[in-house]
Amino acid sequence: MSLSHFDAQGQAHMVDVSAKPDTTREAVAEGLVLMSAETLALAQGGAAKGDVMGVARLAGIMGAKRTSDLIPLCHPLPIAKVSVDLVADPALPGIRVTATVRTTGKTGVEMEALTAVSTACLTIYDMLKAAQKDMRIEGIRLLSKTGGKSGAFHAAP
């Protein structure tokens, strides 16, 4: 299997998508921030720095929009939609982060969805680290993607 971000000589390059048709594309990614029940309670409204979930949601949206600035070979994309959902899950305990990104273009938005989740998770950690330094960010993965030549992908549960 050849990797599209390398040329015949093995040099990294940005993939040429100019001949590809514009299609509607969507990607959904998820990640978890695992913490103690006490820290989760802070995230749900008791943190001195303010609204942890709201700030993390905005950070995730901003992360999706800035993906091409962070990942060297990503194309800048006209993002049509970014939603970041954060759900407190006492069973973990922790916060489950899900991001959905949509565009109409020549390349997919998987990296934007993964960056949104990563940025939101890191923001949660940043805002709660005074209460718990051993929180864990885990399970960042692509759940699904649609559109483009390779078609749909849905991760196994």
Side-chain angles (χ1 to χ4, degrees), residues 1-7 12-37 39-40 43-45 51-129 135-157:
M1 168 186 249
S2 65
L3 300 175
S4 60
H5 286 95
F6 296 98
D7 64 18
H13 70 101
M14 184 179 266
V15 176
D16 181 359
V17 297
S18 60
K20 292 172 111 180
D22 285 348
T23 61
T24 300
R25 297 159 182 268
E26 182 177 276
V28 180
E30 76 170 355
L32 307 170
V33 183
L34 304 178
M35 61 193 68
S36 69
T39 304
L40 181 58
Q44 292 179 282
D51 179 8
V52 172
M53 307 278 256
V55 172
R57 180 175 295 105
L58 289 174
I61 292 167
M62 291 175 66
K65 291 167 49 176
R66 301 295 302 266
T67 299
S68 66
D69 292 334
L70 300 169
I71 310 296
L73 301 177
C74 280
H75 293 83
L77 299 176
I79 294 175
K81 173 190 177 173
V82 179
S83 65
V84 179
D85 298 311
L86 296 96
V87 177
D89 185 344
L92 292 172
I95 300 171
R96 187 175 303 277
V97 178
T98 306
T100 302
V101 182
R102 189 175 301 139
T103 191
T104 299
K106 297 176 182 300
T107 189
V109 286
E110 298 92 6
M111 294 308 300
E112 286 73 10
L114 289 162
T115 301
V117 167
S118 300
T119 306
C121 288
L122 288 166
T123 300
I124 292 166
Y125 184 94
D126 180 49
M127 294 188 73
L128 296 172
K129 69 182 182 267
M135 288 178 285
R136 294 189 323 268
I137 296 171
E138 295 184 358
I140 295 175
R141 67 184 184 132
L142 182 68
L143 292 177
S144 66
K145 76 91 167 169
T146 58
K149 183 173 83 172
S150 64
F153 164 80
H154 298 282

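Since this is a predicted model, take the numbers as computed values, not measurements.
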Over 12 non-hydrogen atoms of neighbours within 6.0 angstrom of NZ in Lys106: yes

Minimum heavy-atom distance between Ala116 and Ala64, given as atom pair plus value: CB-CB, 3.9 Å

Side-chain touch Leu86/Arg57, heavy atoms, less than 4.5 angstrom: yes

Sole residue of Leu40, Thr39, Leu34 in side-chain contact (heavy atoms from CB on, under 4.5 Å) with Met135: Thr39

Separation between CZ of Arg66 and CD1 of Ile61, rounded to the nearest 0.5 Å: 15.0 Å

Heavy-atom side-chain contact between Val82 and Glu112 under 4.5 Å: no

pair Val109-Arg102: side-chain heavy atoms closer than 4.5 Å: no

Value rounded to 0.5 Å, distance of CG in Leu128 from CD1 in Ile95: 6.5 Å

Thr67 and Val101, any side-chain heavy atoms less than 4.5 Å apart: no

Check: Met35 and Ile124 side chains under 4.5 Å, non-hydrogen atoms: yes

Interatomic spacing from CZ in Arg25 to CD1 in Ile79 - rounded to 0.5 Å: 13.5 Å

Value rounded to 0.5 Å, distance of CD in Glu30 from CZ in Arg141: 4.5 Å

Leu122 side, atom CG; Ile137 side, atom CD1 - distance, nearest 0.5 Å: 4.5 Å

Closest heavy-atom pair and its distance - Leu142, Ala27: CD1-CB, 4.1 Å

Heavy-atom closest pair, residues Ile140 and Ser118: CD1-OG, 3.7 Å

Closest approach of Thr115 to Gly63 (non-hydrogen atoms, all atoms of both residues): CG2-O, 3.4 Å

Shortest non-hydrogen separation from Cys121 to Gly31 and the atoms involved: SG-C, 4.2 Å

Interatomic spacing from OG1 in Thr119 to CG in Leu58 - rounded to 0.5 Å: 12.0 Å

Heavy-atom pair with the smallest gap, counting every atom of Ser68 and Cys74: CB-O, 3.6 Å

Under 3.5 Å: donor-acceptor pair, side chain of Thr103, backbone of Pro78: yes

